[in-house]
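Data block below; observations after.
Quick note on labels: first sequence line is chain A, next is B, and so on, each numbered from 1.
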Amino acid sequence: MLIGLIKEKVAIALKDLYGEDFDPKEFPVSPTKPEFTGNYTIVLFSLIKSLKTSPDKLGKELGEKLIQNNTQFFSEYNIIKGFLNLTIHSEYFISLLNTHFDDKFFGKTPMTSKRIMVEYSSPNTNKPLHLGHLRNNFLGWSISEILKANGYNVVKSCIVNDRGIHICKSMIAWMRFSNGATPESTGMKGDHFVGDFYVKFNDAYKAEVEELVGKGMEKGMAEKEAPIMKETQQMLLDWEKGDEKVLELWRRMNQWVYAGFDVTYKRIGSDFAKTYYESETYLLGKDTVEFGLSKNVFYKKDDGSVWIDLTADGLDEKLVLRKDGTSVYITQDIGLAQKKYDDFNIDQSIYVVGDEQNYHMKVLKLICKKIGLPYADGIHHLSYGMVELPTGKMKSREGTVVDADDLIDEMISIAKEHTLNLGKVNDFNPDELDELYDTIGIGALKFFLLRVDPKKKMIFNPEESIDFHGFTGPFIQYTHARIKSILRKNEIDKAELSMKTSFMPIEKELLILLEQYKHILQQAAQEMDPSCIGTYLFQLAQTFNSFYAAHSISNAESDEKKQLRLKISSLTSIVLSSGMQLLGIKVPEKM
RNA sequence: GGUCCCGUAGUUCAAUGGAUAGAAUAGAAGUUUCCUAAACUUUAGAUGUGAGUUCGAUUCUCGCCGGGACCA
């Protein structure tokens with residue numbers, strides 16, 4: 001990659017000139033701004049201190065040396081106010097094109113033996129998926145693919161929260177209000193069906209509390225005494241005792257939910273190599289606590305509860321086992337972390353979890369470290385911000401939650417409307433049309449959620465966020481389709497381009513961008529951030545479109561020019577397609 | 001009470017301490033005998049506030065104002 005190469009060559013030149021050793025990683029090398037001549041720029045200020053020279057003098061000496069050492073690589077340089085601008089030799093790009101113009105694996109790294117688990121999605125079985133889950137799913141899937149493209153062996157996993165008091169609420173409500181209705185009998189998607197009973201529970205509970213308060217009971221007391229709540233708590237106890245009737249209903253309702261989730265997962269392309277169920281993992285971790293006690297990492301209070309003191313690390317004292325010996329969330333998480341490691345022999349374990357759990361995840365990693373568990377260092381929280389509406393946070397109580405299925409439907413139907421309005425798809429059959437609407441609608445949604453830095457919270461405006469122009473998925477899809485159309489009509493000559501071939505500025509601009517793809521993939525993996533790929537692809541598509549408008553490819557000035565442009569176009573389409581695939585977005589041949 | 005995060009054009013997002021703070025969208029003005037106008041070209045518009053560190057601060061430090069999350 002150019003940036004890395006330049007850094008190495010600079011280090012060698014500096015060693016030649018001044019006899020000093022530099023770490024190439026420290027050089028500030030960045031793409032040259034368009035208003036200056038050159039392709040890559042070195043900021044000289046940071047070097048002049050240790051070399052005790054002036055920027056101008058250093059720039060001149062370094063520039064000369066670089067060209068002298070690498071005549072095939074740098075063609076010229078200039079210095080402006082402490083910035084050394086280097087121009088890369090055209091031949092570098094010609095050989096890049098000659099070897100990679102039709103290379104489908106361009107930029108990717110072959111698989112190595114490093115194993116990583118990415119846990120994402122992690123739904124509750126009493127609520128259908130919503131907008132926030134979509135961000136989680138898109139991120140988790142994408143980061144998995146990005147890691148694969150960088151040579152990692154990735155295991156995608158999911159932990160389903162399928163037990164606890166909230167599940168019992170849906171079950172109680174179903175028993176009370178359903179008259180035996182099922183998803184089949186009502187034609188509803190299973191997750192929505194069960195979710196509705198969860199809502200019904202809350203309505204009924206609220207009514208009962210109000211009634212008790214009306215009779216003069218104090219509110220806090222009424223909340224505990226409401227019959228429906230007491231019934232629910234009893235059910236949780238029965239569940240834990242293994243009451244077969246309760247378990248049977250629990251299994252039945254969960255199956256409805258899973259069937260519903262599967263439909264959504266299929267539409268959005270989420271998949272998992274391993275699904276963990278909390279009902280099977282919630283007892284894990286107690287052994288580890290015993291082990292921690294023996295090593296004095298934990299301590300027991302007089303009432304028998306077990307704690308860890310993290311105040312020295314700026315955190316609190318944290319409960320890990322209740323006085324009755326039952327576990328808390330962190331206990332099972334410690335256990336599950338261990339189990340993942342045992343099950344798959346992973347080097348790293350990534351958790352795609354919302355940033356409201358930053359504290360929890362910090363505690364988890366720290367505890368694992370203190371106990372001396374071997375996998376502790378490999379634990380990484382890929383923390384992402386909430387998706388908010390213009391009116392603020394989504395609140396289920398106020399009915400402002402954006403449902404995932406509804407949103408996907410809407411995106412697809414808008415994609416259909418746009419497509420039909422443009423009237424370019426007359427030669428598509430009905431199946432192809434449906435596939436295209438899916439590709440565009442879901443592509444727009446995924447791109448919208450992935451183009452933002454994961455760490456930051458983002459705002460989704462239902463009216464304005466659904467766009468098919470500008471910095472969007474469809475823009476990139478369109479650019480890809482455009483290129484494919486050209487490639488269908490013109491044949492690429494496999495013969496190598498002559499090293500003498502010259503470029504227009506915009507052609508070189510494209511080649512520089514294409515060359516950066518591998519670097520972008522590495523950056524995305526290192527920072528666990530798909531958005532750098534989104535930004536990059538948009539810039540590439542934008543540059544291609546300017547190029548396309550300015551120069552004819554089919555009717556180029558010469559055959560040599562035509563072949564050059566076709567090969568640039570070919571590699572551009574490969575990068576657009578490959579990059580979008582890493583975001584989970586398909587690119588059409590025609591649209 | 002404690003810990004942490006965030007404030008950039010009207011709006012949604014960018015910017016490893018580097019050149020004149022980039023895009024998109026909305027606004028204004030253009031481009032179609034020619035490879036897909038979901039495109040292209042031109043134009044106007046922003047770092048919450050006050051200090052400090054530095055050759056240089058959107059970025060680092062501290063105070064204030066405003067918003068959010070978590071812990072007990």
Side-chain angles (χ1 to χ4, degrees), chain A residues 3 25-30 32-36 38 41-46 48-49 54-55 79-85 310-311 313-319 354-363 383 385-386 388 390 392-393 415 418-419 421-425 440 443-444 448 451-453 455-461 463-490 523 526-527 531-532 534-536 538-539 541-556 562 565-566 569 588-591:
Chain A
I3 290 189
K25 283 183 215 113
E26 283 175 19
F27 298 132
V29 175
S30 54
T32 303
K33 300 218 167 200
E35 56 268 37
F36 301 100
T41 296
I42 299 161
V43 184
L44 299 169
F45 295 105
S46 55
I48 58 175
K49 252 183 213 160
S54 74
I79 305 151
I80 300 168
K81 289 194 292 180
F83 295 85
L84 174 62
N85 301 319
L310 299 172
T311 48
D313 298 279
L315 304 173
D316 300 279
E317 289 184 37
K318 195 81 190 163
L319 176 73
D355 66 3
E356 75 270 23
Q357 299 211 43
N358 282 355
Y359 184 83
H360 179 82
M361 293 303 299
K362 214 166 154 183
V363 170
S383 165
M386 298 288 100
E388 294 182 3
K393 257 191 103 168
H418 270 263
T419 307
N421 279 342
L422 289 170
K424 299 191 216 172
V425 287
I440 297 173
F448 182 83
R451 67 179 209 188
V452 182
D453 182 343
K455 289 189 288 297
K456 296 190 179 165
K457 71 174 182 194
M458 63 184 296
I459 293 177
F460 182 86
N461 184 332
E463 276 83 47
E464 292 170 17
S465 297
I466 299 170
D467 202 344
F468 295 85
H469 303 271
F471 188 14
T472 66
F475 174 91
I476 295 168
Q477 291 172 325
Y478 171 73
T479 308
H480 177 265
R482 244 183 170 184
I483 299 175
K484 284 295 183 175
S485 168
I486 298 171
L487 296 177
R488 276 193 296 274
K489 291 174 185 159
N490 298 280
Q523 190 191 344
Q526 197 186 344
E527 291 170 22
S531 76
C532 32
T535 309
Y536 166 81
F538 174 63
Q539 199 191 347
Q542 213 180 20
T543 309
F544 184 86
N545 282 326
S546 298
F547 161 70
Y548 179 95
H551 305 288
S552 177
I553 296 165
S554 304
N555 298 312
K562 181 171 169 177
R565 288 180 188 164
L566 282 172
S569 303
E589 298 288 307
K590 287 190 273 184
M591 68 185 274

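For rU41(B), one of the phosphate oxygens OP1 or OP2 lies less than 4.0 angstrom from a side-chain nitrogen or oxygen of Ser546(A). In this model, the phosphate group of rC70(B) is not approached by any side-chain N or O of His360(A) to a distance below 4.0 Å at OP1 or OP2. At the phosphate of rU36(B), OP1 or OP2 sits under 4.0 Å from a side-chain N or O atom of Ser485(A). Checking the phosphate oxygens (OP1, OP2) of rA24(B), a side-chain nitrogen or oxygen of Gln542(A) falls inside 4.0 Å.
Lys489(A) comes within 4.0 angstrom of the backbone, heavy atoms only, and of no base. Contacts of Ile440(A) with the nucleic acid, taken as non-hydrogen atoms under 4.0 Å apart, include base atoms. Among the protein residues, Glu589(A) comes within range of the nucleic acid bases, having at least one heavy atom under 4.0 Å from a base atom.
Take the nearest nucleotide of RNA chain B for Asn545(A) and for Asp316(A): the residue whose nucleotide is more 5' is Asn545(A). Remark on RNA chain B: of its neighbouring residues Leu84(A) and Asn461(A), the 5'-side contact belongs to Asn461(A), judged by nearest-heavy-atom nucleotide.
Side-chain atoms of Arg482(A) lie closest to rA37(B) of the nucleotides rC70(B), rA38(B), rA37(B). You'll find that the side chain of Phe83(A) is closest to rA19(B), out of rA19(B), rC13(B), rU36(B).
For rA39(B), the base is not stacked against the aromatic ring of Tyr548(A), per a cut-off of 5.5 Å between centres and 30° between planes. The aromatic ring of Phe36(A) is stacked on the base of rA19(B), with the two ring centres less than 5.5 Å apart and the planes inclined by under 30°.
Nucleotide rU59(B) is matched to nothing when pairs are restricted to Watson-Crick or G-U wobble geometry with both distances under 3.5 angstrom. rU36(B): no Watson-Crick or G-U partner with both key distances under 3.5 Å is found in any strand. Checking rU3(B) for Watson-Crick or G-U wobble geometry (two distances, each under 3.5 Å) identifies rA69(B) as its partner.
Rounded to an integer number of Å, the gap from Asp467(A) CG to rA26(B) C1' is 10 Å.
Relative to the ring axis of Phe538(A), Arg451(A) does not place its NZ or CZ within 45° and under 6.0 Å from the centre.
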